[in-house]
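Everything below concerns the one structure shown next.
Lettering follows sequence order; numbering is per chain, from 1. Bear in mind the structure is a predicted one, so any value in this text is a computation, not a measurement.
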Protein chains: 2
Amino acid sequence: MATGHTDPQRRERIIAATLDLIAEEGIASVSHRKIAARAAVPLGSMTYHFSGMDELLRDAFTRFADHIVAVFDAHLAAPADRDQARQAVADLVHVLSEGSQRDLVLTQELYTLAARRPVYRELTHEWMGRSRTHLEKHFDPDTARQLDALIEGLTLHRALDNEPHDRALTLEAITRITTPGR
Amino acid sequence: MATGHTDPQRRERIIAATLDLIAEEGIASVSHRKIAARAAVPLGSMTYHFSGMDELLRDAFTRFADHIVAVFDAHLAAPADRDQARQAVADLVHVLSEGSQRDLVLTQELYTLAARRPVYRELTHEWMGRSRTHLEKHFDPDTARQLDALIEGLTLHRALDNEPHDRALTLEAITRITTPGR
DNA sequence: TCGGCATGCGTACGATCGTACACTCGACGT
DNA sequence: ACGTCGAGTGTACGATCGTACGCATGCCGA
């Protein structure tokens, strides 16, 4: 049965369902059928809207990367001086590490893909680049780079840790990395 | 056909083949059959040596975690003072990030599993704990914790970066994080 | 009014999967 | 010499997979 006209919602719903499913069960166990069921679309829609599994995954992670970039933007665009920037970075780390399990898992899945396939690496480059650009408004390029890496490490460790470190430690680390050595 | 006696090599070969396969194609596309073919063992051996896919993966990643712990030990056990420790950490970051693609990918796969399943998180805890213990020989616990996170971030960013930062930047970051703020 | 066509769907096919299980065969005790 | 036993294997089964493709449906130009 055809509705006669394009339903622009379809494509979006499929992508959203894909990300949800990956977050819950892992890339290893996604399938056209499971996604279709979750998005409440017929199986045939899968191959109609996406040329294959690969395209679907690329589109899904592209959308996810956009989402993360938005989170970075939201936190890092506002601060007016170095000190506010430090606070903002600390906030970011804590939001990322104790925010939705979903984003955490999806980030890891994306990194895993990025470690193997250049197509996905480009997605991570975009957001690393954007992040650095924000940081460079308040710190010199080298410092921005180091701080960016620190954000990554702090977020991951905090997320995986059984006894996550508190905000004071996060801020101390940020302060140290943004203070040139003697 | 039975050889009549246990072949202790079998199990190891299967695990090694599993890790190789995961590194090359990702967890999403491992299968008993592919592993068996690569390890040159009959399909039946899979279910004989391992109760199922889950056990196989757990054993494989346990072995991998041991391997990574060994790398950390090799680098972090030797240094005698803070300055040597800083150099050693810089070495470690560069070895990890430009060493085998295999280890890099497997690390990401493990983190991805860890983000979702506690069983795997324990594996990462073990090595994070071991790493911190080493670092605490030269730095106070809080600093060790921050440094540990920095190692993670620097390694990942360096690995994914198109234009990886040089050793000087790594060392500068390490120096800053290990220098208490004012 | 009505034929053609784009949109979207149902279904079927061949491949591949994990796993169970009956079986072989060599080693060893007697 | 030979029966027994357990380590190890080949194969078959049911489930699930991705994808192709013929067809239903309703809109639009003539």
Please tabulate, one pair per line, each protein N/O and nucleotide N/O from nucleotides 11-13 of chain D that are separated by under 3.5 Å, including the distance.
none

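DNA chain D lies under 4.0 Å from at least one heavy atom of each of the following residues of residues 21-31 of chain A: A:Val30, A:Ser31.
What separates CE of A:Met53 from P of C:dT16 is a distance of 18 Å, to the nearest Å.
Residues forming a side chain to side chain donor-acceptor pair (under 3.5 Å) with A:Thr18 (at least two apart in sequence, or on another chain): none. Partners of B:Gln101 according to the side chain to side chain donor-acceptor pair (under 3.5 Å) rule, which considers only residues two or more places apart in sequence or in another chain, do not exist here. Applying the side chain to side chain donor-acceptor pair (under 3.5 Å) test to A:Arg82 and every residue at least two apart in sequence or in another chain returns nothing.
Screening residues 87-119 of chain B for ring pair (Phe, Tyr, Trp, His ring centres under 6.0 Å), with sequence neighbours left out, gives B:Tyr111-B:Trp127.
Electrostatic pairing of B:Glu163 and A:Arg132 does not count as a salt bridge here, judged by no charged N lying under 4.0 Å from a carboxylate O. Between A:Arg102 and A:Glu24 there is no salt bridge, since no side-chain N of the basic residue sits under 4.0 Å from a carboxylate O of the acidic one.
Between the side chains of A:Asp81 and A:His138, no donor N or O sits under 3.5 Å from an acceptor N or O. Between the side chains of B:Asp140 and B:Thr143, at least one donor N or O sits under 3.5 Å from an acceptor N or O.
Distances were taken from every side-chain heavy atom of A:Tyr48 (C-beta onward) to each of C:dT7, D:dG8, C:dC21; the shortest belongs to C:dT7.
Within the structure, every side-chain polar atom (N or O) of A:Ser45 is placed at least 4.0 Å from both OP1 and OP2 of C:dG8.
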